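Remember, it's a predicted structure, so these values are computed and weren't measured experimentally. So you know, we letter chains A, B, ... as the sequences are listed, proteins then strands, and number each from 1.
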2 protein chains.
Amino acid sequence: MTKSKIKLTDNQKTLIEKMGMAYEQSGFSPVPARLLALLMVAEDPDLTFDQLQATLGISKSATSNSINLLLNTGKIEQISKLGERKRYFRNRIVHWKEDIKKTNERMGLFVDLMKTILKQRPGDTVEFNQSLKEMIDFVEFLQRELPLLYKKWETGRK
Amino acid sequence: MTKSKIKLTDNQKTLIEKMGMAYEQSGFSPVPARLLALLMVAEDPDLTFDQLQATLGISKSATSNSINLLLNTGKIEQISKLGERKRYFRNRIVHWKEDIKKTNERMGLFVDLMKTILKQRPGDTVEFNQSLKEMIDFVEFLQRELPLLYKKWETGRK
DNA sequence: ATTTTAGTTCTGTATACCGAGAACTAAAAA
DNA sequence: TTTTTAGTTCTCGGTATACAGAACTAAAAT
């Protein structure tokens, strides 16, 4: 394993720091978070196992486990370059559209549960039931509108 | 502390179970998650400390800490009833609108960081930069559209 | 004045998670 | 065939979290 630490400017380093923190706040543990951040900031968007390891200064096991975690959750993807043995990894922001869709689906499941709950609630807690219903309505409305909104954006930007 | 366990039907119990799991998946630990779920499913939307404790069958400390956690993160609210000493707690879904706004603001911060990152990226990684830019554009578009969308929903529903 | 209520805070334990380091493995290179 | 590469898996120590139970506290009730 050649030490293939990537050169980073101070600016890039602080950006990785910040982006890492943002990823941590959204639920990742430190190493995966910094890995994602590095793959967004580094000049080359495709980095190898040992570049990631050496640049972040972490152990092989941490690198391996984090990479696999991020592959399984669809946050990064693997690409192989012709004739090269090493795998390269890339931040999967390219697929942000799917991500938004997925978030929305999870929201949908949550709201479905809320609908079931609302159905069996007593009718006398008017204000509470009302709020529940409003939220359900709005989320369902949003889910109907999103495709249209998406189209509007697409046409508006050319 | 009188044992003021609330009566729940089997159906309500399984709904609490499910809603609890949904809350757990969104980042809460078991007790706070079940507490929120109970406060959504129970007939009476306002429950006291000891009702929560007795119904969920948990310790006083767990109850106290969870309540305070949920108060601090704005997931429940406290209400006092005239002449009563005990505090009552209520699930704060009533304020779902603020929640959506907050989620959006967090998204905004994330995207701001991405903008800074994009600015300092080399120009030659065309595809990657393009994706980054697209996502930034879409999120910003969404943030502009949301108020309008909200108005559209409001007028459409009366 | 003392007792009860409605909690909070402290202490202890069990468990989970993180990440390092070393041992291991399968494929490719030499 | 052996050696190197590119990782994976195992073991371990440190730290954080979650919750129970007990001790504590301030206000209210008696």
Side-chain angles (χ1 to χ4, degrees), chain A residues 1-6 16-17 20-21 23-39 46-73 75-90, chain B residues 1-6 20-21 23-39 46-73 75-90:
Chain A
M1 188 100 28
T2 51
K3 50 166 160 170
S4 32
K5 190 147 111 194
I6 277 183
I16 291 172
E17 176 84 8
M21 283 178 62
Y23 273 121
E24 281 192 54
Q25 274 164 8
S26 77
F28 292 97
S29 29
V31 172
R34 297 172 76 86
L35 214 154
L36 283 171
L38 174 56
L39 284 174
D46 303 331
L47 300 181
T48 64
F49 187 104
D50 56 311
Q51 285 179 313
L52 293 169
Q53 190 200 332
T55 309
L56 295 178
I58 56 178
S59 70
K60 279 173 85 173
S61 58
T63 311
S64 175
N65 290 325
S66 299
I67 283 175
N68 288 322
L69 170 78
L70 295 171
L71 283 173
N72 291 333
T73 54
K75 292 297 164 184
I76 60 172
E77 63 190 344
Q78 233 178 82
I79 55 177
S80 14
K81 302 198 171 174
L82 277 104
E84 282 214 56
R85 190 182 169 187
K86 287 179 186 173
R87 294 177 290 163
Y88 285 78
F89 302 98
R90 178 184 295 183
Chain B
M1 190 102 26
T2 51
K3 51 166 158 173
S4 33
K5 191 148 111 191
I6 278 184
M21 282 178 63
Y23 273 123
E24 281 192 53
Q25 274 164 10
S26 78
F28 292 97
S29 29
V31 171
R34 298 172 76 88
L35 215 155
L36 283 172
L38 174 56
L39 284 175
D46 301 334
L47 300 180
T48 64
F49 187 104
D50 56 311
Q51 285 178 314
L52 293 169
Q53 191 200 332
T55 310
L56 295 179
I58 56 178
S59 70
K60 281 173 85 174
S61 59
T63 310
S64 175
N65 290 326
S66 299
I67 284 175
N68 289 322
L69 171 79
L70 295 171
L71 283 173
N72 290 333
T73 55
K75 291 299 165 183
I76 61 173
E77 63 190 344
Q78 234 178 82
I79 55 176
S80 14
K81 303 198 171 173
L82 276 104
E84 283 214 53
R85 189 180 168 189
K86 288 180 186 173
R87 293 177 290 163
Y88 286 77
F89 302 97
R90 179 184 295 184

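Considering only the side chain of B:Pro30, D:dA18 comes nearest among C:dT8, D:dA18, D:dA6. Of the candidates D:dT8, D:dC19, C:dA6, D:dT8 carries the atom nearest the A:Lys60 side chain, counting heavy atoms from C-beta on. Closest to the side chain of A:Arg85, from the set C:dA28, C:dG19, D:dC19, is C:dA28. Comparing D:dT9, D:dT5, D:dC19 against the side chain of B:Pro32 picks out D:dC19 as the nearest.
Atom CG in A:Leu35 sits roughly 15 Å away from atom C1' in D:dG7 (whole-Å rounding). As a whole-Å value, the separation of B:Phe49 CZ from C:dT9 P is 11 Å. A:Leu47 has its CG atom 16 Å from the C1' atom of D:dA6, to the nearest Å. Between A:Gln53 atom CD and D:dA6 atom P there is a gap of 12 Å when expressed in whole angstrom units. A straight line from CG of A:Leu69 to P of C:dA16 spans 18 Å, rounded to a whole angstrom. Atoms CG (B:Leu56) and C1' (D:dA20) sit 15 Å apart, rounded to a whole Å. As rounded to whole Å, 16 Å separates atom C1' of C:dA27 from atom CD of A:Glu84. The NZ atom of B:Lys86 sits 22 Å away from the P atom of D:dA26 (whole-angstrom rounding).
A donor and an acceptor atom never sit less than 3.5 Å apart when one is taken from the side chain of A:Ser64 and the other from the base of D:dG7. If you check distances only, the side chain of A:Ser61 never reaches the base of C:dG19 with a donor-acceptor pair under 3.5 Å.
Among the heavy atoms of the strands lying under 4.0 Å from B:Ile58 are primed sugar atoms or P, OP1, OP2 only; no base atom is included.
Screening A:Ile79, A:Thr48, A:Ile67, A:Leu38 for a side-chain contact (heavy atoms from CB on, under 4.5 Å) involving A:Phe89 leaves a single residue, A:Ile67.
Across all their heavy atoms, A:Ser4 and A:Thr55 have their closest contact at O-OG1, 4.3 Å. Nearest heavy atoms, A:Asp46 versus A:Gln51: O-OE1, 4.2 Å.
Applying the 4.0 Å criterion to OP1 and OP2 of C:dG7, one finds that B:Arg87 has a side-chain N or O inside that range. In terms of phosphate contacts, A:Ser29 brings a side-chain nitrogen or oxygen within less than 4.0 Å of OP1 or OP2 of C:dC18. The side chain of B:Asn68 places an N or O atom within less than 4.0 Å of a non-bridging phosphate oxygen (OP1 or OP2) of C:dT8.
In this structure the side chain of A:Tyr23 never reaches within 4.5 angstrom of the side chain of A:Lys75, judged on heavy atoms. Contact of the A:Leu52 side chain with the A:Leu39 side chain is registered, since non-hydrogen atoms from C-beta on lie closer than 4.5 Å.
Nearer to the 5' terminus of DNA chain C, by closest-nucleotide assignment, is the contact made by B:Ala62 (compared with the other of A:Gly83 and B:Ala62).
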